[in-house]
Structure formats: C-alpha cells, structure tokens
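Quick one: the structure is below, and I'll ask about it shortly.
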Amino acid sequence: MHTIEKPLFRLAHISDLHFSKLTWNPIQFCSKRWLGNLNLFLKRKKAFKPDNLTTLFPVFHDHKIDAVLITGDLTSTSHEDEFLLAQQFVEGLQQEGFKVFTLPGNHDQYTKKAFKEQLFYQFFNRAYTPSTEPLTSLSLKEDGLTAAYFGHGWWLIALDTAIATSLISSNGYFSPELEQKLEKALKEIPVDHHVILINHFPIFSNESARKSLIRKEALKKLIEGFPKVKLFLHGHTHRHCIADLRSSHLPIFLDSGSTAQKCGTWNLIDITAKGCDIEVFKNTDANGDVFWQPILKSNFKW
C-alpha cells in the first residue's frame, strides 16, 4: 500500500485463526468440548485452513509490517494441542522478526477447565512489555487489560473479556471491575496521545444476545468519553467490516474477519501523523494456491 505520507508504523490485524485438533477422548463429554469437536468434524475442518497462515510471512515481509495484532480465537476448543499449534505459529512470526500481540477469544476459554486454569496464558504473554510503569505493567491475566507504547504518541491497549460459557452461548463479559481499570488507564495516557483498543468481541454487531459482549453498552459509553481512542480492533464475527463512527463520538471499528477461513481476510494498517490508511487483503485461493489479494483501500484523517 502506498501512502501519501510515510507511516509512523505499520500493523497487520488478523483474527479467529482457529487452530484445531479433533479429539475423541470420552472425558470431553464432561465439558463443552464434545460440541466443538462435532462442529469441527461437520463444518469447521472444511471451512478453516489455519495451516495456510504461514503464507502470510512473506506477505508481511513484503509490506514491511512492524507488528501483528491477533484479536482472539487462536484455538477452536481450547485444547492443549491446539494451543501448541497456535504457539508455533506465533513463535514463527516472532522468529521472522515481527512483534506479536495476542489476546484470548471465547474459543480460547471454551471449557470451564481451560478458563479456570487460564490455559491461554500458559502459552501466550499476559503482559506486552516488562515494565514497572503502572500502565504497561498491567496484566491481561490478572487485570483483564494490558498496554504497550508504540512511540510517536501511540498506545495499544488490549482487553481480555473472554469467559467460559454455557453449551449454547459464546458471550464475552466486560465486567464493572474491568471498566474501572480501563477508565483509569485511559486517564493516565496524555490527552494529546492516541490509543488503539483491541478486544475479541465487538460492541456493535448483528449477533444474537447469546453471542454478544455482556455490558457492551458500558464499554461503548466509556469509549465515547475518550476521543484519544482512535481505533477499535476486534474479531469474533468472522465477517470483515470497517465502520467509521467518529460522527457518533466513537472510533473507527475494524473487524478483520477470520483470517483462517478459505476466503479469509486481514487488515494492513498504516498509522501516519495525520491519520491512518487501511488496506484489506483476502485469500483468493487461486488454483489451490493461497494468494493474498488486496481488495479495498480506505483513508482516514484525524
């Protein structure tokens, strides 16, 4: 993507990778995992191709990506073998020289056991930067949010709103405690700085009540009071979307869609001094070969 002005930094936003491992252990019938495995067998194994995600590596190099943001659902049923596959992918990105920032989605807390043991954080970082500073020392695991400073007056704040749910639901939960911590964090960031907020769940969607973020209105109201939040990145819906809601005192919302689907998508985001440029890539899967084709460009000014 060619921008009018040189970007301060360039991000890749991917989501809903859904690394999977079919298991037939009868113990799974004591948890929600049997439903996830049934879904894998009947549908997801055909619709999702996470093994193709390594084809992103040369594309990221070609476009000189600085950091990769993964907004949840790295696994399908929060099985340890799935976490290992996802970890190998993330470590592959890091070995290629990319900074990687992850957070859990509902499929990463799929069973009550995985949620209780916080299995996600046995494979991925609970904080983005080792620091004694109050803001950057916050932990996704313990505090539900963490932050990183990108420089040039730009911050990344990540939320963990994933929880274990009932058999037929896939909600997230923005708790009152997390609301207080996020408000405090946003107040600590200088007024003239900017924030990229990432979460697995959207606050606007056509999802049913059993798939949405509980207390999303509280998160919406909080963000309305902080114009320094310029971008809200999420996944969960498997549908790509760009929504500029600044006229409603909200940020620009980006859903990467599921990058691992056969026709998966992801966002390339150039942060510039005056705005941001967004280019959407789609897997065209030409003749059985994975080919990431740019399909849409958008430009926004602050």
Side-chain angles (χ1 to χ4, degrees), residues 15-20 28-40 44 69-80 82-83 86-87 101-128 138-147 157-185 197-223 232-238 255-256 258:
S15 194
D16 296 76
L17 311 184
H18 290 295
F19 284 93
S20 62
Q28 69 181 291
F29 290 102
C30 298
S31 73
K32 190 178 177 179
R33 181 166 289 127
W34 71 268
L35 182 63
N37 274 314
L38 182 62
N39 192 14
L40 274 172
R44 284 187 182 268
L69 312 182
I70 308 178
T71 51
D73 277 1
L74 283 78
T75 67
S76 295
T77 68
S78 65
H79 191 279
E80 185 171 337
E82 296 174 344
F83 278 117
Q87 183 185 53
F101 302 89
T102 63
L103 56 79
N106 55 291
H107 280 267
D108 303 317
Q109 309 282 22
Y110 201 71
T111 67
K112 292 181 179 179
K113 184 174 186 290
F115 179 62
K116 182 179 179 180
E117 296 179 355
Q118 291 293 286
L119 191 59
F120 180 89
Y121 296 109
Q122 296 180 29
F123 294 87
F124 303 105
N125 292 334
R126 63 185 68 187
Y128 288 164
L138 290 169
S139 162
L140 272 173
K141 181 181 178 183
E142 283 81 20
D143 300 297
L145 80 160
T146 193
I157 294 182
L159 304 179
D160 178 356
T161 56
I163 56 173
T165 60
S166 69
L167 197 64
I168 59 171
S169 64
S170 52
N171 298 108
Y173 180 47
F174 181 62
S175 69
E177 294 78 16
L178 181 53
E179 179 183 359
Q180 292 175 2
K181 290 178 181 179
L182 177 58
E183 182 177 15
K184 184 175 184 294
L197 189 60
I198 62 175
N199 184 44
H200 179 63
F201 297 89
I203 59 175
F204 297 101
S205 73
N206 295 320
E207 302 290 341
S208 65
R210 62 186 178 85
K211 294 183 178 181
S212 63
L213 179 67
I214 299 169
R215 297 190 77 250
K216 61 185 178 182
E217 287 299 325
L219 178 54
K220 172 179 172 290
K221 184 177 180 180
L222 177 58
I223 294 173
F232 185 107
L233 277 53
H234 67 87
H236 189 56
T237 70
H238 298 178
D255 185 340
S256 76
S258 172

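Along the sequence shown, residues carry numbers from 1.
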Legend entry - Ala86: partners by side chain to side chain contact (heavy atoms under 4.5 Å, CB included), with sequence neighbours left out: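 Counting only residues at least two positions away or on another chain, Ala86 forms a side chain to side chain contact (heavy atoms under 4.5 Å, CB included) with Phe19, Leu74, Phe124.
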
Inset, instruction - Check whether any side-chain heavy atom of Pro202 lies under 4.5 Å from a side-chain heavy atom of Asp255, and answer yes or no. - result: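 Heavy-atom side-chain distance check fails, nothing below 4.5 Å.
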
Inset, instruction - Mind checking the OH-CD spacing from Tyr110 to Glu82? Nearest 0.5 Å is all I need. - result: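 Rounded to the nearest 0.5 Å, the OH-CD separation comes to 10.0 Å.
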
Inset, instruction - Would you kindly say whether Ser169 and Ser166 are connected by a side-chain donor-acceptor distance under 3.5 Å? - result: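 A pair is found: one side chain offers a donor N or O, the other an acceptor, under 3.5 Å apart.
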
Inset, instruction - Find out whether Lys216 and Phe204 are in side-chain contact, i.e. whether some heavy atom of one side chain is under 4.5 Å from a heavy atom of the other. - result: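 Lys216 does not reach Phe204 side chain to side chain.
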
Inset, instruction - Can you see which heavy atom on Asn106 is nearest to which on His200, and at what distance? - result: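 Result for this residue pair: OD1-NE2, 3.0 Å.
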
Inset, instruction - With rounding to the nearest 0.5 Å, note down the distance linking NZ in Lys220 to CZ in Phe232. - result: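 It comes to 12.5 Å.
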
Legend entry - Over 12 foreign heavy atoms within 6.0 Å of NZ, Lys113: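 No.
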
Inset, instruction - Measure the CZ-CG distance between Phe101 and Asn125 for me, rounded to the nearest 0.5 Å. - result: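 Taking CZ in Phe101 and CG in Asn125, the distance rounds to 9.5 Å.
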
Inset, instruction - Specify the closest pair of heavy atoms between Glu142 and Lys181, including all atoms of both residues, with the distance to one decimal. - result: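 Closest heavy-atom pair between Glu142 and Lys181: O-NZ, 3.9 Å.
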
Legend entry - Student check: side-chain heavy atoms of Leu219 and Leu182 closer than 4.5 Å: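 Leu219 vs Leu182: side chains touch.
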
Inset, instruction - Would you mind reporting whether Pro104 and Tyr121 have side-chain heavy atoms less than 4.5 Å apart? - result: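 Touching, per the 4.5 Å side-chain cut-off.
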
Inset, instruction - Indicate the ring-plane relationship of Phe201 and His236, choosing parallel, tilted or perpendicular according to the 30° and 60° boundaries. - result: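 It falls in the tilted class, 30° to 60°.
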
Inset, instruction - Enter the distance from Thr161:OG1 to Asn171:CG here, rounded to the nearest 0.5 Å. - result: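 Going from OG1 on Thr161 over to CG on Asn171, the span is 10.5 Å.
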
Inset, instruction - Please report the shortest heavy-atom distance between Asp160 and Gln118, naming the atom on each side. - result: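 For Asp160 versus Gln118, the nearest heavy atoms are OD2-OE1, 4.4 Å.
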
Legend entry - Rounded distance (nearest 0.5 Å) linking atom OH of Tyr128 with atom CG of Leu138: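 CG of Leu138 is found 12.0 Å from OH of Tyr128.
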
Inset, instruction - Would you sort out whether Thr77 and Thr111 count as a side chain to side chain contact (heavy atoms under 4.5 Å, CB included), showing the intermediate values? - result: CA-CA 7 Å; Thr77 68; Thr111 67; 5.9 Å; no

Legend entry - Minimum heavy-atom distance Ser258-His18, with the two atoms named: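 For Ser258 versus His18, the nearest heavy atoms are OG-CD2, 4.5 Å.
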
Legend entry - Residue pair Leu159 / Leu145: nearest heavy atoms and the distance that separates them: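 Heavy atoms only, the tightest pair is CD2-CB, 3.8 Å.
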
Inset, instruction - Please lay out, stage by stage, how Ser20 and Thr75 fare under the test side chain to side chain contact (heavy atoms under 4.5 Å, CB included). - result: CA-CA 6 Å; Ser20 62; Thr75 67; over 6 Å; no

Legend entry - Distance in Å, Leu213 CG paired with Ser170 OG, rounded so as to fall on 0.5 Å steps: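 OG of Ser170 is found 11.5 Å from CG of Leu213.
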
Inset, instruction - Kindly say whether Asp73 contributes a backbone atom to a donor-acceptor pair with the side chain of Asp16 at under 3.5 angstrom? - result: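 No; judged by distance alone, with no hydrogens or angles, the pair does not exist.
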
Legend entry - Residue pair Thr71 / Ser15, side-chain donor-acceptor N/O under 3.5 Å: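 Yes, Ser15 and Thr71 have a side-chain donor paired with an acceptor closer than 3.5 Å.
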
Inset, instruction - Compare every heavy atom of Phe174 with every heavy atom of Ala218, then report the nearest pair and how far apart it is. - result: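 Between these two residues, the closest heavy atoms are C-CE2, 4.0 Å.
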
Inset, instruction - Please lay out, stage by stage, how Thr102 and Phe120 fare under the test side chain to side chain contact (heavy atoms under 4.5 Å, CB included). - result: CA-CA 10 Å; Thr102 63; Phe120 180 89; 3.8 Å; yes

